[in-house]
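Here's the structure we're looking at; comments come further down.
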2 protein chains.
Amino acid sequence: MSLKHGILGLLTYGSMTGYELMKIFNESLTFFWNAQTSQIYRELDILEKKGWVNSEHILQEDKPNKKVLTISDEGKAELVHWLNGHAAKDMMKIRDGMTMRVFFGSEGDNDALKRELMEYRCINEHFLNSLKHTENELDHREQFVGKSGEKIYWLMGIKRGYKTAKSNIEWVDECLELLENMKGE
Amino acid sequence: MSLKHGILGLLTYGSMTGYELMKIFNESLTFFWNAQTSQIYRELDILEKKGWVNSEHILQEDKPNKKVLTISDEGKAELVHWLNGHAAKDMMKIRDGMTMRVFFGSEGDNDALKRELMEYRCINEHFLNSLKHTENELDHREQFVGKSGEKIYWLMGIKRGYKTAKSNIEWVDECLELLENMKGE
DNA sequence: TGGGTCATGTAACCTGTTACATGATTAG
DNA sequence: CTAATCATGTAACAGGTTACATGACCCA
């Protein structure tokens with residue numbers, strides 16, 4: 001149920017189109033949630049049917065017409081309800097392909113596994129860099145969004161990203177060391 | 001595509017029923033993958049149609065009849081193929097409800113958020129303890145599974161669990177500190 | 001003249017969740 | 001007598017992925 005709530009959350013920053021929602025997902029939320037346009041438009045229809053958002057068609061001359069979404073009071077209430085619960089449910093949804101590949105590593109080729117781990121490490125390094133960039137943009141973002149006092153929450157999100165990426169990198173290094181030592185036996 | 005490969009991986013330890021697969025998922029793989037029986041039986045049908053597993057019906061008198069699954073050579077080839085690739089794809093599937101709740105925390109109640117974080121912390125502590133238990137069982141497991149040299153791969157999986165849980169706990173503590181300091185302002 | 005941005009979606013499919021159904025045996 | 005274990009699934013639904021379609025404007 002969280003894509004719906006992510007959309008509601010973003011709409012508290014202001015009314016926007018599905019296209020803009022998609023862009024924010026890809027710019028600011030990718031490190032803890034991601035969504036395709038197709039999914040966003042589908043969810044928006046559902047949110048509208050539930051009465052959690054209202055829409056307004058805006059005709060434009062130089063650009064395609066657009067449909068601007070606004071969160072309703074019911075939508076805000078639903079968001080608050082979701083914010084205040086469900087910690088336990090989220091834990092039950094772990095699905096980690098890299099760990100599974102390592103777990104069944106004995107069936108494959110050790111050199112290939114090392115390459116995989118190194119690629120995974122590399123992705124996490126890139127991710128760390130992009131987070132630094134996001135962190136530097138926070139002040140700018142706060143001005144853009146017409147809402148103050150958000151920075152601390154965004155910072156907590158970014159800290160989570162750092163923690164995760166760093167722990168992934170440390171884990172890779174420990175695995176590579178174990179695999180190297182194994183060779184020596 | 002990874003549940004399929006998880007099943008194939010487990011079947012390299014030996015032939016077993018859907019019921020047994022489900023139990024192993026809930027005992028040993030929960031910390032990086034989880035699956036319901038309904039999904040496992042559905043996937044098994046697909047695996048059989050693809051020719052990656054073969055099945056044998058076994059009639060039993062004192063217990064219900066059962067269907068024992070065995071991995072085929074094609075299945076083994078598919079598993080190896082999957083093991084040697086796809087690191088990048090896995091990274092694209094992050095979906096973390098707790099982080100999203102923190103990210104949109106300003107819309108909710110700060111005390112509720114703290115309670116949520118503390119519950120999340122608690123779940124991660126429990127998880128750490130269960131991992132210790134799993135780690136202690138590794139020798140026993142290696143005897144049970146008729147395959148040696150697996151321990152190091154299982155250990156890497158468990159290390160991943162430790163890293164993740166510890167970084168979650170550290171993150172919660174940092175968040176709680178930030179929220180406390182905010183109050184003082 | 002080609003690629004990027006703005007803006008909307010549909011269709012088919014795959015994967016995961018929830019709830020239910022059956023029925024025998026065995027251990028407390 | 002009751003709950004757990006063994007063992008199999010189905011049905012309906014929710015959520016996520018991939019591929020495709022349209023069309024105008026703007027910049028190099």
Side-chain angles (χ1 to χ4, degrees), chain A residues 1-8 15-27 29-30 32-50 53 55-69 82 86 88-97 100, chain B residues 1-7 15-27 29-30 32-50 55-69 82 86 88-97 100:
Chain A
M1 285 289 272
S2 302
L3 175 57
K4 288 181 182 58
H5 298 97
I7 292 172
L8 291 175
S15 304
M16 57 187 113
T17 67
Y19 187 72
E20 287 171 298
L21 283 165
M22 173 272 287
K23 276 198 302 175
I24 298 189
F25 261 95
N26 294 339
E27 281 165 17
L29 314 191
T30 9
F32 63 86
W33 209 276
N34 68 84
Q36 280 78 37
T37 26
S38 54
Q39 210 188 341
I40 287 173
Y41 285 110
R42 184 172 56 183
E43 292 299 325
L44 282 172
D45 281 344
I46 298 171
L47 290 175
E48 211 175 341
K49 270 174 204 152
K50 284 183 189 266
V53 302
S55 69
E56 191 192 355
H57 280 273
I58 294 189
L59 304 172
Q60 296 185 119
E61 277 175 19
D62 49 338
K63 292 173 186 176
N65 297 335
K66 60 186 186 179
K67 191 176 171 184
V68 175
L69 287 310
W82 175 78
H86 317 98
K89 275 201 166 181
D90 288 331
M91 278 298 287
M92 303 294 109
K93 297 185 181 175
I94 308 164
R95 254 168 215 110
D96 183 342
M100 191 143 97
Chain B
M1 285 289 275
S2 302
L3 175 57
K4 288 181 182 60
H5 298 96
I7 292 172
S15 303
M16 57 187 113
T17 66
Y19 187 71
E20 288 172 298
L21 283 165
M22 174 272 286
K23 276 196 303 176
I24 300 189
F25 262 94
N26 294 339
E27 281 165 18
L29 313 191
T30 9
F32 64 87
W33 208 275
N34 68 85
Q36 281 77 39
T37 25
S38 53
Q39 210 188 340
I40 288 172
Y41 284 111
R42 184 173 57 186
E43 292 298 325
L44 282 173
D45 280 345
I46 298 171
L47 290 174
E48 210 174 344
K49 271 174 205 151
K50 284 185 190 265
S55 69
E56 192 191 356
H57 282 272
I58 293 189
L59 304 173
Q60 295 184 119
E61 277 173 21
D62 48 339
K63 291 174 186 175
N65 297 335
K66 61 186 186 178
K67 191 178 171 185
V68 174
L69 287 310
W82 175 78
H86 317 100
K89 275 201 167 182
D90 289 331
M91 277 297 287
M92 303 293 110
K93 297 185 181 175
I94 308 164
R95 252 165 219 112
D96 183 341
M100 192 142 95

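Throughout, a chain's letter reflects where its sequence line sits, starting with A, and its residues are numbered from 1. Heavy atoms only: backbone and side chains are in, while hydrogens, waters and symmetry mates are out.
In the set D/dG16, D/dT18, D/dG23, the nucleotide with an atom closest to the side chain of A/P64 is D/dG23. Nearest to the side-chain atoms of B/Y41 among the listed nucleotides D/dA7, D/dG16, D/dA11 stands D/dA7.
Comparing B/D45 and A/L3, the nucleotide of DNA chain D nearest to each residue sits closer to the 5' end for B/D45.
Among the atoms of the strands shown, only primed sugar atoms or phosphate atoms (P, OP1, OP2) are found under 4.0 Å from some heavy atom of B/Q60.
For A/R42 against D/dG16, a side-chain N or O and a base N or O form a donor-acceptor pair under 3.5 Å.
Spacing between atom CE of B/M1 and atom C1' of D/dT17 amounts to 13 Å, rounded to whole angstrom units. Counting to the nearest Å, the P atom of D/dA14 and the NZ atom of A/K49 are 12 Å from each other. Rounded to whole Å, the distance from CG on B/L21 to P on D/dC6 is 14 Å. Rounded to an integer number of Å, the gap from A/M22 CE to D/dT18 C1' is 16 Å. Rounded to an integer number of Å, the gap from A/F25 CZ to D/dT17 P is 12 Å. In this structure, A/Q39 places its CD atom 12 Å from C1' of D/dT18, rounding to the nearest Å. Look at CG on A/N34: it is 10 Å from C1' on D/dT17, rounded to the nearest Å. Rounded to whole angstrom, the span from the CD atom of A/E43 across to the P atom of D/dC13 amounts to 16 Å.
Side-chain atoms of A/F32 and A/L29, non-hydrogen and from C-beta on, do get closer than 4.5 Å to each other. Between B/M16 and B/V68, the closest side-chain pair of non-hydrogen atoms is not below 4.5 Å. Looking at A/T17 and A/E20, their side chains come closer than 4.5 Å, going by heavy atoms from C-beta outward.
For the pairing with A/L69, the side-chain contact (heavy atoms from CB on, under 4.5 Å) check across A/I7, A/V53, A/L8, A/L47 returns one residue only, A/V53.
The existence of a salt bridge linking A/K67 and A/E48 is confirmed by a sub-4.0 Å separation between a basic side-chain nitrogen and an acidic carboxylate oxygen. Under a 4.0 Å N-O distance rule, the pair A/E43/A/K50 does not qualify as a salt bridge.
Regarding contacts with the backbone of D/dT17, every side-chain N or O of B/K93 stays at 4.0 angstrom or more from both OP1 and OP2. One finds no side-chain N or O of A/Q36 lying less than 4.0 angstrom from the OP1 or OP2 phosphate oxygen of D/dG16.
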For this session: Tell me, with the steps shown, if A/F25 and A/L3 meet side-chain contact (heavy atoms from CB on, under 4.5 Å).
Result: CA-CA 10 Å; A/F25 261 95; A/L3 175 57; 3.6 Å; yes

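Nucleotides of DNA chain C that come within less than 4.0 Å of any heavy atom of chain B span, from the 5' end to the 3' end, C/dT15 to C/dT25.
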